[in-house]
Amino acid sequence: MSLLATLVQTDRLAPMERQIAEKVLHGTRITDAEALYLYQEPELPFLAMLAHHIRLSRHGHKTYFNRNFHIEPTNVCIYTCSFCSYSRRIKKREDGWEFTLDEMLDQVKAYDGKPVTEVHIVGGVLPQYNYQFYQDLFRAIKEHRPELHIKALTPVEYHYIFKKAKVGYKEGLAVLKEAGLDSIPGGGAEIFDEAIRQQIAGGKCSAQEWLDLHRAAHELGLRTNATILYGHIETYEHRVDHMRRLRDLQDETGGFQTYIPLKFRNQNNEMSHLPEVSVIEDLRNYAVSRIYLDNFDHVKAYWPMIGRRTTQLALSFGVDDIDGTIDDTTKIYSMAGAEDQNPSMSTPELIDLIRSAGMAPIERDTLYGIINDYSERDFEPEAETETA
Ligand code: V47
Ligand code: SF4
């Protein structure tokens, strides 16, 4: 009998706790009001027990990571999201970069012979990175390395380039898919509540447009991820509202793979006056996400953002995936004050981090195909050609 089943039989739970625990035990969906309660009332161990029960019943101790690298075409952006530490305004370009297609292809070539399976492409929004540019970029990458999975751009970029090219979401995505696009990362979601979104990310694609773009992608068979940016000026109600819109769309399409809560980091941006939330709050948020989003297969903790120690803890709060950036090709978080200023971990280090949290490391590809199962066997360095 599971710990949770045992607990439900005792008289140690408050009535609302019992109601939710029974739902989790029977695999029944929780309501928005219950999710709100979970954010506000129970102690952390209760949340851990619920989220861990779900995690174990879906994935056992399996903890996924992948080997990828990032290309960030530019850190200059026409938008001015107030949480963004990364973008250099168009008028202040001193420390901005704008890579050409050939420079980005060179970045791909730098991984020749290394066992990466995915390139994650995301950056600022600028007019020269248009519909045609991304078709050419994706084609060039696939021509060079056909098996490399291209996970690229967010609805923020897609909305901008498709609008300028006067094509619809589905039409535009179909062309990019034909050019080499394989899946879409979860960024740009921030917080869906219209008033908060306007305040922190005014001007870029709306919540509805973000959801419509993902719907169009799912209809074309492209798998996508979803994020939330939490721990700033939003309330728990806003977080539940955000998840409800995702859960509804997932009921409709089934196209989301992974939910990725992103903790707001407060360095070098216009919201630096806000304190960052605690690790306790991070764990609470992972747990409630795992419990509420019953139709999402995976919950990811993005380790470069929250650091190695919180990542290990998160594995007992519903998280089953820790991403896997192998070097410091992403600047988004180090510039925002992320826990890990040098987000590089070798594969043996990643495996060790997962194992020492009592979990089973599984190297996956982007679509969760198993590449290497390290739950039983050790990493073999001779098969490894990467240098990270
Ligand atoms: O949308 C920007 C966030 C996102 C800050 O799909 C910040 O596998 C915290 O979505 N504090 C982009 N967060 C990154 C992203 C992502 C990352 C890893 C994996 C995947 C995936 C997706 O970064 C943005 C924004 O929400 N962000 N600034 C900040 N100061
Ligand atoms: Fe631009 Fe994205 Fe930064 Fe907003 S979060 S300013 S869209 S790079």
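As the structure is a prediction and not an experimental result, all values here were calculated from the model. Whatever order the structure lists ligands and atoms in, that order sets their numbers, starting from 1.
Scanning all protein heavy atoms for the shortest distance to atom 2 (Fe) of ligand 2 gives K204 NZ, 4.2 Å. The single protein non-hydrogen atom nearest to atom 3 (Fe) of ligand 2 is C84 SG, 2.4 Å, given as residue, atom name and distance. Looking only at heavy atoms of the protein, atom 4 (Fe) of ligand 2 is closest to C81 SG, 2.3 Å.
Taking only non-hydrogen atoms, the option from H232, E190, H120 nearest to atom 24 (C) of ligand 1 is E190. Proximity annotation for atom 3 (C) of ligand 1: of N68, L262, I200, L262 comes nearest, heavy atoms only.
Of all the heavy atoms of T258, none lies under 4.0 Å from any atom of ligand 1, so neither backbone nor side chain is involved. Proximity of D323 to ligand 1, defined as any heavy-atom pair under 4.0 Å, is confined to the side chain (atoms from C-beta onward). At a heavy-atom distance under 4.0 Å, no atom of V122 approaches ligand 1. With a heavy-atom cut-off of 4.0 Å, K300 touches ligand 1 through its side chain alone. Only the side chain of Y302 comes within contact range of ligand 1, with a heavy atom under 4.0 Å; no backbone atom does.
Distances below 4.0 Å separate heavy atoms of F83 from the following atoms of ligand 2: 5 (S). Of all the atoms in ligand 1, the ones that sit under 4.0 Å from a non-hydrogen atom of G188 are 1 (O). Listed by number with element, the atoms of ligand 1 under 4.0 angstrom from any heavy atom of K263 are 9 (C), 11 (N). The contact set between ligand 1 and T227, taken as ligand atoms under 4.0 Å from a residue heavy atom, comprises 10 (O). Near N269, with a cut-off below 4.0 Å to any heavy atom, the atoms of ligand 1 are 30 (N). Listed by atom number, the atoms of ligand 1 under 4.0 Å from I260 heavy atoms are 6 (O), 8 (O), 20 (C), 21 (C). Below 4.0 Å from some heavy atom of N225 lie the following atoms of ligand 1, by number and element: 6 (O), 8 (O), 21 (C). Proximity to S85 (heavy-atom distance under 4.0 Å) selects the following atoms of ligand 1: 30 (N). Which parts of ligand 1 touch M305 is read off a 4.0 Å heavy-atom cut-off, strictly below it: atoms 9 (C), 11 (N), 13 (N). Listed by atom number, the atoms of ligand 2 under 4.0 Å from C77 heavy atoms are 1 (Fe), 6 (S), 7 (S), 8 (S).
Side chain of T63 to main chain of I354: no donor-acceptor pair is present (N/O by atom type, distance under 3.5 Å, no hydrogens or angles). For K142 (side chain) and L148 (main-chain N/O), a donor-acceptor pair under 3.5 Å exists by modelled atom type. With hydrogens and angles ignored, the 3.5 Å screen pairs no side-chain donor or acceptor of H214 with any backbone N or O of G186.
The only member of Y286, Y368, Y259 that meets ring-ring contact (aromatic ring centres under 6.0 Å, His included) when paired with H298 is Y368. With D241 as the partner, the side chain to side chain donor-acceptor pair (under 3.5 Å) test is satisfied by one option alone out of R245, H238, R239: R245. S183 pairs with exactly one of Q257, H149, K177 by the side chain to side chain donor-acceptor pair (under 3.5 Å) rule, that one being H149. Just one of V319, D282, I228 meets the side-chain contact (heavy atoms from CB on, under 4.5 Å) condition when paired with P261; it is I228.
Distances between N or O atoms of L229 and those of ligand 1 include no value under 3.5 Å. Where the criterion is an N or O separation shorter than 3.5 Å, residue side chain and backbone included, G186 meets it with respect to ligand 1. On a distance-only criterion, F264 and ligand 1 share no N/O pair closer than 3.5 Å. At least one N/O-N/O distance between F83 and ligand 1 falls below 3.5 Å.
Here F264 and F83 keep their ring centres 6.0 angstrom or further from each other.
Between F162 and Y131, the ring planes lie perpendicular to each other; the angle is over 60°, past the 30° to 60° tilted range.
Side-chain contact check for D212 and Q208: at least one donor-acceptor pair (N or O, by modelled atom type) lies under 3.5 Å. Donor-acceptor pairing under 3.5 Å is recorded for the side chains of D112 and H144.
The distance from atom CZ of F65 to atom OG1 of T347, rounded to the nearest 0.5 Å, is 5.5 Å.
Between Y79 and K204, the shortest heavy-atom contact is CE2-CA, 3.8 Å.
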Problem - Candidate pair Y64 and K62, rule side chain to side chain contact (heavy atoms under 4.5 Å, CB included), full reasoning - result: CA-CA 6 Å; Y64 299 94; K62 288 193 181 87; 3.5 Å; yes

